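See structure below.
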Amino acid sequence: MTDPVRQPVDILIRRLDPEIPLPAYEHPGDAGADLRTTEDAELQPGERALLPTGISIALPDGYAAFVHPRSGLAARCGVALVNAPGTVDAGYRGEIKVIVVNLDPREPVNFKRGDRIAQLVIQQVEKARFHEVGELPGSVRAEGGFGSTGGHAAV
Ligand SMILES: O=c1ccn([C@H]2C[C@H](O)[C@@H](COP(=O)(O)OP(=O)(O)OP(=O)(O)O)O2)c(=O)[nH]1
Ligand SMILES: [Mg+2]
């Protein structure tokens with residue numbers, strides 16, 4: 001049986017900087033649409049910055065957008081996102097910003113205006129109702145975590 005074709009979700013977007021292209025998927029099937037920065041920035045080793053993307057969006061209720069790192073920037077330059085993945089709430093109408101950090105121990109990183117610095121993943125999200133209880137139902141894992149299954153020499 002073939003899956004029904006899933007239609008993309010429509011998202012209203014404002015361009016705060018008319019010269020910067022809208023976020024775009026580089027290939028069909030990509031999960032993330034690349035975000036560009038509107039600013040030049042140089043980050044020394046260990047330094048972080050809040051980079052503007054020049055866009056704001058209005059997500060439909062029940063959706064969130066997640067700002068993820070780009071693996072190429074991470075592997076080649078040591079660029080990470082401090083809060084990866086950043087969460088853009090459906091009600092947020094401000095400019096989407098990206099908190100980059102240079103984790104390379106030696107080399108500075110240079111961003112140029114228009115560079116693709118992160119990627120935006122759109123997802124449906126559940127809302128929870130929290131029900132306070134005195135005891136939680138049992139499970140096989142119980143309270144094991146943080147390396148409880150082994151598999152790493154240092155843990
Ligand atoms: O990488 C990010 C993370 C967040 N935001 C924006 C959208 C989001 O809706 C808002 C608030 O984010 P979050 O809830 O993570 O931050 P907070 O420190 O809890 O701020 P607030 O008190 O405003 O919720 O900031 C970004 O533009 N980029
Ligand atoms: Mg918050």
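Numbering starts at 1 and runs along the sequence shown. Computed over heavy atoms, backbone and side chain alike; hydrogens, waters and symmetry mates excluded. Bear in mind the structure is a predicted one, so any value in this text is a computation, not a measurement. Remember, it's 1-based here, ligands and their atoms both numbered in the order they're listed.
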* Quick one: pull up OG1 in T87 and OH in Y92 and give me the separation to the nearest 0.5 Å. => 12.5 Å
* R113/E19 ion pair, N-O < 4.0 Å -> yes
* E42 and N110: side-chain donor and acceptor closer than 3.5 Å? -> yes
* Heavy-atom side-chain contact between I122 and I11 under 4.5 Å -> yes
* Structure fact -> The protein heavy atom nearest to atom 9 (O) of ligand 1 is D89 OD2, 2.6 Å
* Can you sort out which atoms of ligand 1 are near V88, meaning under 4.0 Å from one of its heavy atoms? => 7 (C), 8 (C), 9 (O)
* To do: Answer yes or no for T87: is there a heavy-atom contact with ligand 1 below 4.0 Å?
  => yes
* To do: Could you walk me through whether R14 and I57 pass side chain to side chain contact (heavy atoms under 4.5 Å, CB included), step by step?
  => CA-CA 6 Å; R14 263 189 80 207; I57 60 177; over 6 Å; no
* Asked: Is atom 24 (O) of ligand 1 close to the protein, meaning a heavy atom under 4.0 Å from it?
  -> no
* CD of E143: more than 12 outside heavy atoms within 6.0 angstrom? -> no
* Asked: Please state which protein non-hydrogen atom is closest to atom 28 (N) of ligand 1 and give its distance, to 0.1 Å?
  -> K97 O, 2.7 Å
* Closer than 4.0 Å: a protein non-hydrogen atom to atom 20 (O) of ligand 1 -> no
* For the pair L43 and R48, evaluate side chain to side chain contact (heavy atoms under 4.5 Å, CB included) and give the outcome as yes or no after the intermediate values. => CA-CA 7 Å; L43 296 188; R48 67 176 183 268; 5.6 Å; no
* Asked: So is there a nitrogen or oxygen of Y92 less than 3.5 Å from a nitrogen or oxygen in ligand 1?
  -> no
* To do: Answer yes or no for I96: is there a heavy-atom contact with ligand 1 below 4.0 Å?
  => yes
* Any non-hydrogen protein atom below 4.0 Å of atom 12 (O) of ligand 1? -> yes
* To do: Please state which part of N83 comes within less than 4.0 Å of ligand 1, counting heavy atoms only: side chain, backbone, both or neither.
  => side chain
